Amino acid sequence: MTAATATPAVPATATRPRLAVLIDAENANAAHAPALMQRIRDSFGNPTIRRAYGDWTTPQLTPWKKLLLPLGLRPYQQFPLGRGKNTTDFALVMDAMELIYSGKVQGICIVASDCDYIGLAGRIQEAGLSVYGFGQRGCTMAGFVAACDAFVFLDDEVGPAA
């Protein structure tokens with residue numbers, strides 16, 4: 001399901017699924033974050049776990065730092081272990097795997113515009129949970145879009161990121 005496909009809103013009277021929102025902040029644009037969180041609440045469920053992963057010591061994540069408190073996001077620090085290493089990706093995947101088997105959530109939202117999470121999306125579904133992907137058009141590989149139960153292109157929600 002893509003952003004072009006209508007996503008039914010979760011009725012207010014229904015039991016809203018508990019969701020984990022896992023954000024690869026090094027790979028997602030902070031300008032989309034408020035609309036992202038609203039879309040999750042309106043269309044998919046209750047974002048009870050909200051985490052943003054990255055190296056918070058870098059200037060690259062300054063826009064995200066301003067949104068942590070207003071959006072209730074918990075920053076997860078990932079120091080770089082070497083050039084080109086995916087420490088943020090690995091931390092997000094490990095936490096997602098833990099959440100799958102914790103019984104705390106019925107679905108996981110992965111916010112990233114790369115293909116590193118295709119396998120994770122499949123594991124989430126194998127465990128009987130829903131997986132929702134969020135990313136930017138033109139950056140997100142078709143395989144990640146296809147691996148999710150629903151995928152939202154954030155550019156379509158709020159326009160291209162600045």
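Given the structure is predicted, the values throughout are model-derived calculations rather than measurements. Residue numbers count from 1 along this sequence.
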For [X] and [Y], which heavy atoms make the closest approach, and how far apart are they?
{"X": "Leu67", "Y": "Ala30", "result": "CD1-O, 3.2 Å"}
{"X": "Val21", "Y": "Pro47", "result": "CG2-CB, 3.7 Å"}
{"X": "Ala52", "Y": "Leu68", "result": "CB-CD2, 4.4 Å"}
{"X": "Ala33", "Y": "Leu71", "result": "CB-CD1, 3.6 Å"}

With rounding to the nearest 0.5 Å, note down the distance linking [atom1] in [X] to [atom2] in [Y].
{"X": "Gln78", "Y": "Asn86", "atom1": "CD", "atom2": "CG", "result": "11.5 Å"}
{"X": "Arg74", "Y": "Leu69", "atom1": "CZ", "atom2": "CG", "result": "13.5 Å"}
{"X": "Leu120", "Y": "Gln125", "atom1": "CG", "atom2": "CD", "result": "10.0 Å"}
{"X": "Phe44", "Y": "Asp42", "atom1": "CZ", "atom2": "CG", "result": "10.0 Å"}
{"X": "Phe134", "Y": "Arg39", "atom1": "CZ", "atom2": "CZ", "result": "7.0 Å"}

Contacts table for residues 141-148: side-chain donor-acceptor under 3.5 angstrom, sequence neighbours left out:
none

Donor-acceptor contact present, side-chain Trp64 to main-chain Ala28, <3.5 Å: yes
Donor-acceptor pair, side chain of Asp24 and main chain of Ala112, under 3.5 angstrom: no
Pairs of donor and acceptor atoms involving the side chains of residues 97-110, under 3.5 Å and at least two apart or interchain, shall be tabulated with distances.
| residue | atom | partner | partner atom | Å |
| --- | --- | --- | --- | --- |
| Ser102 | OG | Leu99 | O | 2.9 |
| Ser102 | OG | Lys104 | N | 3.1 |
| Gln106 | OE1 | Arg18 | N | 2.6 |

Under the side-chain hydrogen bond (donor to acceptor under 3.5 Å, both in side chains) rule, what pairs show up with a residue in residues 45-55, not counting sequence neighbours? Arg51-Tyr76, Arg51-Asp95, Tyr53-Asp95, Asp55-Thr57, Asp55-Gln77
Pick one: which of Val152, Ile124, Leu19 meets side-chain contact (heavy atoms from CB on, under 4.5 Å) with Tyr132? Leu19
What residue among Asp114, Thr88, Asp89, Leu92 forms side-chain contact (heavy atoms from CB on, under 4.5 Å) with Asn27? Asp114
Any side-chain heavy-atom pair of Leu154 and Asn29 under 4.5 Å: no
